[in-house]
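Chain letters run A, B, ... following the sequence lines, proteins first and then strands; every chain starts at 1. Since the structure is predicted, the reported quantities are computational estimates derived from the model, not experimental observations. What's counted below: heavy atoms across the whole structure, side chains too, no hydrogens, waters or symmetry copies.
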4 protein chains.
Amino acid sequence: MASYKKSLGRPRANDLKKPTEQTILEAATSLFLNQGYQEVSIDEVASKAHVTKATVYYYYASKADLFTESMVQMMYRIQKQIDTVLNRDEPLQVRLKEITKAHLQATVHIDMNGFMRETRSALTKEQIQSIQQAEENMYSSIEIAIQNAIQKNEIPHHIHPKFVAHTYIALLQVGNYRNANNEPIFSSVDKMVDQILQFFWNGLDHK
Amino acid sequence: MASYKKSLGRPRANDLKKPTEQTILEAATSLFLNQGYQEVSIDEVASKAHVTKATVYYYYASKADLFTESMVQMMYRIQKQIDTVLNRDEPLQVRLKEITKAHLQATVHIDMNGFMRETRSALTKEQIQSIQQAEENMYSSIEIAIQNAIQKNEIPHHIHPKFVAHTYIALLQVGNYRNANNEPIFSSVDKMVDQILQFFWNGLDHK
Amino acid sequence: MASYKKSLGRPRANDLKKPTEQTILEAATSLFLNQGYQEVSIDEVASKAHVTKATVYYYYASKADLFTESMVQMMYRIQKQIDTVLNRDEPLQVRLKEITKAHLQATVHIDMNGFMRETRSALTKEQIQSIQQAEENMYSSIEIAIQNAIQKNEIPHHIHPKFVAHTYIALLQVGNYRNANNEPIFSSVDKMVDQILQFFWNGLDHK
Amino acid sequence: MASYKKSLGRPRANDLKKPTEQTILEAATSLFLNQGYQEVSIDEVASKAHVTKATVYYYYASKADLFTESMVQMMYRIQKQIDTVLNRDEPLQVRLKEITKAHLQATVHIDMNGFMRETRSALTKEQIQSIQQAEENMYSSIEIAIQNAIQKNEIPHHIHPKFVAHTYIALLQVGNYRNANNEPIFSSVDKMVDQILQFFWNGLDHK
DNA sequence: TATGAATGAGACTTCATTCAT
DNA sequence: CATGAATGAAGTCTCATTCAT
């Protein structure tokens, strides 16, 4: 099915070819994020990674496995990126602004809630837990930043960090909304970022 | 798959029975909401509605059709319920509290964003538009309530009604979050409702 | 499924409505001839006859029945037409010319051979025989005309009437051939008719 | 439906075996010729080729594809056979006799006209053209032989080669006719061959 | 390491037919 | 006379998975 051809013999080392395993995972991640679990076929993944279906199975025992590893790796990467920003020595407001902007500019949006509904019945309990763990780690990063900000009196003491972390992520989704004509709520990303953060910051401040 | 048996031909009249068409639609709605488009098979819908696959096709030309009509009808129903509450002569805060509580207690949560990713490629343009239209109508209801509240000076003049409407719905999603152990953020629904509304109300109030 | 509406009540007698049964048969004949047995669905027949599927079944016990009656009636009609011409008091050559021309101008061509291959397994033995009988009657008409022509010394004595009758029908098929671009062998029907008859007449004349 | 069992995965190599692809094509050809397009199910083809339905789809993307390739390959084979005989250095009459006899003895008869009516709506334009092209190639072979015979003065100059080629094939069909009792027109094949050729030869000779 | 060949299970869909009204 | 509602059986096609090479 795949018509892609490789030249014969062992590939030269300086081809700086990514290991096949990683190539496959990246192809899978992108497809799963854009189309959802069921819509993506192993053939599609294989074709996008320029290998054959059997090769995908050589590295990943099942589609559910491939999905799980894709999601976990992706969330891990996002978490690292968030962490990098959050660990800077700047006011929380500044750091969140950067994260918010980055998220709204990315083409790929995470919305695990919707994802899992479709996927749940195809995964084992362990696989579901792996993914949810990775998701919670993402939330935890933000939660910790909130807690630190509380200690630095950047935000009120009485707020609930976990709730606020989720609130923040939920507000990000608003920035990704498009109506039937594919138009966002505000025409510029910057406007959107400002509105979201202002709303979020106000929301925290309940005297 | 269907174990329920009926004999061939037109069934004897029975006034107590809901029309088959509606029975099927309800079965479909519930399944689609819980499992997503791809995970639900027509056989499952049929079996849940106590009819055969062929009967489903007698009323709905395709799975995509059935899905579209399910979603549109469902969102229409939700919109009506929201409208009923919103049209009461009470402070907005009181009315939103009721809606929030109702939503968090319902077992079914709408999250069209995630839904459509999975489904997009299976639907025609017209079908997608139908669904998105119904979704926008839901948001509009809230938007209008916001606008009315602005005129009554219940909330500040400078806020953006559409943005706020989306914000509100996004916050509702937080109330539906469950972690890997299926635990919500707060143990009681009432607590959750209060927190969401307080955050929302604060968020509006940016002096 | 059929959206066609009739006005209420018993139709007026002077509507000169063809009896429903015949309307259905005509719709069926035309569809079967153009698309073959399997390609035509009862729904299509019903829709073309402006009745519902159930009405078709009210008059014809099965699709195979409907097909059989369609074919038999059609061949009977063709036979009558051929007979009318053949019974005239003119040279055989003149009479055949008329039949040939009529056949080549008709949009519908009979080719029972091909038809029956597709249909055989769907019909009962009796139904197949009915159709083949009707077909043979058609051939017989021509055969008899040949025999009469022999007695009138219009054509040689030693020829085999049945063989010649089949030969004649086979040559008619040549006139219906269209190549990949839908072009016939000769550009005008008259040219085709002349060539076929000249070939046929020569063919008979084996001294 | 298929009762023949094989285990999953790639089968052990076995040089004696015809390639699966060809086995399937042959099974398909025979079934299509005898029963027509619609009557043949992929399951039947698979079962006749001792593979599963999925294997058929591994090699042929759709039923229409399988049909197209079957017909094209079959006509190509017939054309080659005809060519082999036609290219011999013998009088045309002798060569046609051999072809005629071979055709009447074969169990499989080509009658594309009837075939295509039933099939047209299931094939793409390209597929129909492929088949018609293969058919025309068959006719061309004969046409060319006719033209050569004209140059060698074996048959009159004034005849129209394409028309005559079609005439010849049409006459072959007469030899395949069977009445309601499955009896041919003449009891022996040799008699039939003689009659057809005599008629054909006479037909050509119109002074 | 990588893959071509094959399969089993299941999905969507169509359609002839039946039956109470 | 005519039909709306329902079904059973079958058909095409997809896809995750397996296995010998």
Secondary structure string for DNA chain E (Watson-Crick or G-U under 3.5 angstrom, | for other-strand pairs): .||||||||||||||||||||
Which comes earlier along DNA chain F counting from the 5' end, the contact point of A64(A) or that of V56(C), where each point is its nearest nucleotide? V56(C)
Assign each of K63(B) and A54(B) the nucleotide of DNA chain E bearing its closest heavy atom; nearer the 5' end lies the nucleotide of K63(B)
Counting the atoms with a prime plus P, OP1 and OP2 as sugar-phosphate, which does V40(B) contact under 4.0 Å by heavy atoms, base, sugar-phosphate, or nothing? sugar-phosphate
Is Y58(D) close enough to dA5(E) that one of its side-chain N or O atoms is under 4.0 Å from OP1 or OP2 there? yes
I want to check one thing: is the phosphate of dG10(E), taken as OP1 and OP2, less than 4.0 Å away from some side-chain N or O of S41(B)? no
Decide whether Q73(C) and T29(C) meet the rule of one side-chain donor and one side-chain acceptor closer than 3.5 Å. no
Taking only N and O in the side chain of Y57(D), is any of them less than 4.0 Å away from OP1 or OP2 of dA6(E)? no
In whole Å, what is the span from the CG atom of D43(C) to the P atom of dA16(E)? 7 Å
May I ask you to verify if any side-chain N or O of T20(B) is less than 4.0 angstrom from the OP1 or OP2 atom of dA6(F)? yes
Take the protein atom CD1 of I42(C) and the nucleotide atom P of dT18(E), then report the distance between them rounded to whole Å. 12 Å
Hey, are S30(A) and K48(A) close enough side-chain-wise for a donor-acceptor pair under 3.5 Å? yes
Grab the NE2-P distance between H50(B) and dA6(F) for me, whole Å please. 14 Å
Which donor-acceptor pairs under 3.5 Å do the side chains of residues 53-60 of chain C make with protein atoms, sequence neighbours left out?
from: K53(C); atom 1: NZ; to: D43(C); atom 2: OD2; distance (Å): 3.4
from: T55(C); atom 1: OG1; to: T52(C); atom 2: OG1; distance (Å): 3.1
from: Y60(C); atom 1: OH; to: E21(C); atom 2: O; distance (Å): 3.1

Is there a donor-acceptor contact under 3.5 Å linking the side chains of Q35(D) and E44(D)? yes
Closer than 4.0 Å, any side-chain N/O of Y60(A) to the OP1 or OP2 of dT17(F)? no
Check: dT3(E) base within 3.5 Å donor-acceptor of K53(A) side chain: no
dA16(E) P sits how many Å from L66(C) CG, rounded? 10 Å
In terms of side-chain heavy atoms, does E69(B) have a donor or acceptor partner in Q127(B) at a distance below 3.5 Å? no
Closest-nucleotide 5' rank along DNA chain E - winner of Q38(C) and E21(D): E21(D)
Would you call the rings of F32(D) and F67(D) parallel, tilted or perpendicular, where under 30° means parallel and over 60° means perpendicular? perpendicular
Point-to-point distance, once rounded to the nearest 0.5 Å, from CE of M71(D) to CG of L33(D): 4.5 Å
Given that T55(C) and E39(D) both sit by DNA chain F, which one's nearest nucleotide is further toward the 5' end? T55(C)
Rounded to whole Å, CG of D65(C) lies from C1' of dA16(E) at a distance of 13 Å
